[in-house]
Amino acid sequence: MSTPDQRLRERLERITSPVEPDVDRHLDRSLTRGRRLQIVRRAAIATGTLAVVILVAVVGQRVLDGSSDRIPAGTPTPTVSAPMDIDGTWTASVTGPDVEAALAADGLGTWTDQLLDDLGGNLPVELALTIEDGTYAISADGEVVKEGDVEIRGNDLVLSVDPNGVTVLDATVGADGLTFTFVSNSTQPYPPDMVPEEAVQRVLFTSVPFERT
Amino acid sequence: MDRQHEEYSWFFRTEFTGVVRTVYLILHDRQRAEDAAQDAFAQLFVHWSKVSAYDRPDAWVRRVAIRRAVKMLSRDRIRHVLERQEERTVPGPATIDPGLIDALRSLPPQQRAAIALFYLEDRPTSEVAQMLGCSESTAKVHLHRARQRLAQTLGKEWIDVDA
C-alpha cells in the first residue's frame with residue numbers, strides 16, 4: 001500500500017480504536033436473541049410440516065374411503081410440491097413498457113413516471129436477484145436497491161423490505177424461469193408524494209420473469 | 001454449554017469488536033453500529049451450524065452487518081431528504097479527527113463501506129465485492145470514486161487517488 005494510503009489507514013484506525021463495545025453484554029444478548037430466532041424459525045418449519053402431514057392424511061383418508069367420497073372429475077387435486085430450489089442468482093432485463101404494464105395492471109399507473117425517473121431513465125435496467133442463506137439482495141444495474149432476510153413458506157417468499165414491513169410474493173419456477181406474483185406488502189404507508197413500496201416491489205419482482213445465471 | 005455454543009461464543013469474542021468498528025465507519029454512530037453488529041451476530045447464531053463450516057465465517061457476518069448498516073443509512077438519507085434535515089448521529093467516544101469523519105460522511109453508503117473494508121480491514125477488492133454483494137469491478141468503482149472524493153476534501157497527501 002502506498003504511503004498516502006497508509007496514512008489514511010492510520011487515521012481510520014485512530015478513529016475506530018476507542019470504539020470498545022461491551023462484548024460480554026452483547027454476547028449474552030446475541031445468544032438470547034439467536035435462540036429466540038431459532039425457535040421462531042423451527043416453529044415456522046414445524047407449522048409447514050404439520051400442514052403437509054394434515055394434507056396427506058386428508059387425501060389418504062379420501063382414497064381409503066373409496067367411491068363414497070370420490071373427488072368429481074375435473075376438480076383440481078391438491079398437490080404437495082417439493083421445496084423450491086430457489087437459492088442462487090437470477091437476472092432479468094426490465095424495459096419501460098414492462099414497468100408501465102406492471103403498474104397499470106394494479107392501478108398504480110400514476111407512479112410510472114416517477115419510478116422511471118428513479119431508474120435514471122436508463123432502460124432497459126438489468127436486475128440481479130441473489131437468494132442465499134436466508135437473505136436476498138436485488139440490484140438494478142449493479143446497485144443494490146433492496147436486501148434483507150427471506151423466508152420460503154410453501155410457494156411464497158416472504159421478504160423483509162425494511163424494519164417495519166415484509167413483502168409476500170408467490171414464486172413459481174418453470175420453463176420461463178422464476179416468476180413472482182405479488183401477494184401483499186405490510187410496509188407502513190409512505191408520505192403521499194413518495195412512490196409506495198408496493199409499486200417498487202411490483203416493478204422489481206413481478207414485471208418480468210427471472211432467469212437463473 | 002454445548003460445543004457449538006462454545007465455538008460461537010469464541011468466534012463472537014474474536015470478531016464482534018472488529019465488526020462494530022467497521023460498521024462505525026459507515027454509520028458514525030456507535031450505538032447504531034453496535035445494533036447492526038448485534039443483528040448480524042444473532043442471524044449468525046441461527047445459521048451457525050452451516051456458516052461455521054465455511055472457509056470464512058467472519059466474511060459472512062461482516063456482509064450481513066454491512067448490508068444492515070448500508071440499509072439503515074439509505075433509509076436515513078431518504079428520511080432526511082423528506083424532512084430536509086441534516087444527518088444526525090450519536091458520535092463515538094470522542095470527536096477524533098472530525099475532518100476525516102466529515103469527509104467520510106460525504107460519501108454514499110456503499111463507498112463508505114468500501115473504504116472501511118479496504119483500508120481499515122485491509123481486504124482485497126475481491127472480498128470487498130463479496131461483502132458488498134456486487135461484482136469486483138463495481139467494488140473498484142466504489143473505491144475509486146470514494147478516493148477521488150476524499151482526496152478533494154482531505155488533499156492528495158492523505159490518499160492515493162491512482163491506487
Inset, instruction - Could you check which of Thr130(A), Asp24(A), Asp22(A), Thr32(A) has the highest count of heavy-atom pairs closer than 4.5 Å to chain B? - result: Asp24(A)

Legend entry - Of Val183(A), Asp170(A), Val173(A), the residue whose pairing with Asn155(A) passes side-chain contact (heavy atoms from CB on, under 4.5 Å): Asp170(A)

Legend entry - Side-chain donor or acceptor of Ser160(A) paired with backbone N/O of Asp149(A) under 3.5 Å: yes

Inset, instruction - Select one option (side chain, backbone, both, neither) describing which atoms of Thr17(B) are under 4.5 Å from chain A's heavy atoms. - result: both

Inset, instruction - Would you mind checking which part of Tyr54(B) comes under 4.5 Å of any heavy atom in chain A, side chain (CB onward), backbone (N, CA, C, O), both or neither? - result: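 Just its side chain gets close to chain A.
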
Legend entry - Parallel, tilted or perpendicular: ring planes of Phe11(B) versus Trp48(B), cut at 30 and 60 degrees: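 Phe11(B) vs Trp48(B) ring planes: tilted.
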
Inset, instruction - Please determine if Glu34(B) and Arg29(A) form a salt bridge, counting it only when a charged side-chain N lies under 4.0 Å from a carboxylate O. - result: no

